[in-house]
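Below: the structure, in structure tokens.
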There are 2 protein chains.
Amino acid sequence: MLSNTCKYAIRSVIYLALNAKDGKKIGIKKISEDLDIPTPFLGKILQSLARQKLLSSTKGPHGGFGLGKDPMEISLMNIVEIVDGLDMFENCLIGMRPCKTDTNNQDPCPVHNQFKGIRQQMFKLFNERTIGNLITEIEDTDEYISL
Amino acid sequence: MLSNTCKYAIRSVIYLALNAKDGKKIGIKKISEDLDIPTPFLGKILQSLARQKLLSSTKGPHGGFGLGKDPMEISLMNIVEIVDGLDMFENCLIGMRPCKTDTNNQDPCPVHNQFKGIRQQMFKLFNERTIGNLITEIEDTDEYISL
DNA sequence: AAATAAGAGGATGAAATAATCAATTGAGCA
DNA sequence: TGCTCAATTGATTATTTCATCCTCTTATTT
């Protein structure tokens with residue numbers, strides 16, 4: 001569904017939104033320990049998110065990663081797009097070339113009509129859900145975020 | 001979403017259900033040409049489906065692959081399970097270990113409640129849709145199956 | 001029985017994904 | 001200024017997925 005890399009990315013951004021409020025920075029080593037993600041690999045992932053301005057990073061003592069923008073402005077789709085790309089939302093479920101995402105499809109695959117609605121719901125979820133509204137829900141309900 | 005291999009597998013079974021009726025066999029070379037799938041790779045895939053009795057195969061002149069059972073008895077899930085496994089339906093969307101598929105989850109991830117319904121729909125679709133009812137729909141509506 | 005037409009199976013190669021390592025750069029602090 | 005901390009960058013390794021090749025076996029046809 002989502003790549004390993006993408007799952008790491010999403011969990012990291014949620015983690016930062018919860019723990020690096022008001023411009024605080026958290027080091028890659030602490031993040032990787034808390035989330036159980038290999039440290040150097042996490043580095044690469046956070047770098048690519050920082051390049052796209054989703055995160056900010058500073059070097060040197062007390063440096064680390066923090067959010068690059070208002071968490072309400074970061075949708076799950078933003079993260080997925082950077083890491084995995086949009087293939088999942090754009091291409092046919094069973095790989096038939098002429099079968100396209102749009103609703104009035106001239107050349108639908110045999111599962112197109114079944115799958116179309118589900119894909120739309122997923123698209124909506126990933127676009128509407130932002131890191132911001134995820135964490136307010138987490139905080140409101142006292143959810144404990146383990147990994 | 002689904003692996004390349006799995007997409008090839010599904011398209012091949014649909015193809016066989018449409019073209020290899022009443023015990024007819026079709027050679028791997030013809031299938032791979034019609035579906036634009038690398039021949040030797042397709043061989044491996046069909047072999048694994050045949051080992052699980054979804055397909056049948058015969059060697060020798062006029063040999064080839066055909067369906068191994070009534071197409072109404074082959075669900076999309078049967079194919080996905082053999083090729084990709086059930087990971088997608090069983091594990092957390094963002095890779096949190098304690099977050100489980102079942103509905104009354106003690107330790108849900110921040111997207112669990114949003115995603116749960118969508119995953120159930122997908123599960124249902126893959127289980128309920130069989131190769132048999134796919135092809136009757138195809139034949140009823142004169143759909144042209146290209147790739 | 002021999003020739004031929006298929007699939008089966010093992011070994012191998014290439015590409016993408018996942019993960020690591022080492023050297024560099026920049027920021028803060030003394 | 002110079003030291004140290006932490007991210008950055010580039011090179012390297014490992015694993016999985018995707019794909020090919022070659023040989024073997026089985027089944028049909030003559």
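Just so we're clear, the structure is a prediction, and the values are computed from it rather than from any experiment.
Backbone-only contact: A/P38 has heavy atoms under 4.0 Å from sugar-phosphate atoms and none from a base.
A donor-acceptor contact closer than 3.5 angstrom links the side chains of A/Q121 and B/Q121. With 3.5 Å as the limit, one finds a donor-acceptor pair spanning the side chains of A/K116 and A/N113.
Atom CG of B/N127 and atom CZ of B/F89 lie 7.5 Å apart (nearest 0.5 Å). Of the inter-residue distances, the one linking A/L134 atom CG with A/I74 atom CD1 reads 11.0 Å to the nearest 0.5 angstrom.
Screening residues 61-78 of chain A for side-chain hydrogen bond (donor to acceptor under 3.5 Å, both in side chains), with sequence neighbours left out, gives A/S75-A/N78.
With sequence neighbours left out, A/F115 forms a ring-ring contact (aromatic ring centres under 6.0 Å, His included) with no residue at all.
Within residues 77-93 of chain B, no residue has a heavy atom under 4.0 Å from DNA chain D.
In this structure, A/K7 places its NZ atom 13 Å from C1' of C/dA18, rounding to the nearest Å.
Other residues, nucleotides and ligands place no more than 12 heavy atoms under 6.0 Å from the NZ atom of A/K30. Counting heavy atoms of neighbouring residues, nucleotides and ligands inside a 6.0 Å radius, atom NZ of B/K21 exceeds 12 of them. Heavy-atom contacts from other residues, nucleotides or ligands closer than 6.0 Å to NZ of A/K25 number more than 12.
Salt-bridge check for A/R129 with A/E137: passed, with a basic side-chain N closer than 4.0 Å to an acidic carboxylate O.
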Whether each nucleotide of nucleotides 5-17 of chain C has a protein heavy atom under 4.0 Å at its base (B), only at its sugar-phosphate (S) or at neither (-) is summarised, 5' to 3', as BBBBBB-------

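Residues A/M77 and A/M72 fall into different hydrophobic clusters, defined by Ile, Leu, Val, Met, Phe, Trp and Tyr side chains chained together at heavy-atom separations under 4.5 Å.
Two residues are said to be in side-chain contact when any heavy atoms from C-beta on lie closer than 4.5 Å; B/T39 and B/I31 fail this criterion. For the pair A/D107 and A/K100, the minimum side-chain heavy-atom distance is 4.5 Å or more.
With a heavy-atom cut-off of 4.0 Å to chain B, the contacted part of DNA chain D has its first and last nucleotide at D/dC18 to D/dT29.
Direction of the helix axis in the helix from C/dA1-D/dT30 to C/dA30-D/dT1 shifts by 0° between the two five-pair termini, rounded to 10°.
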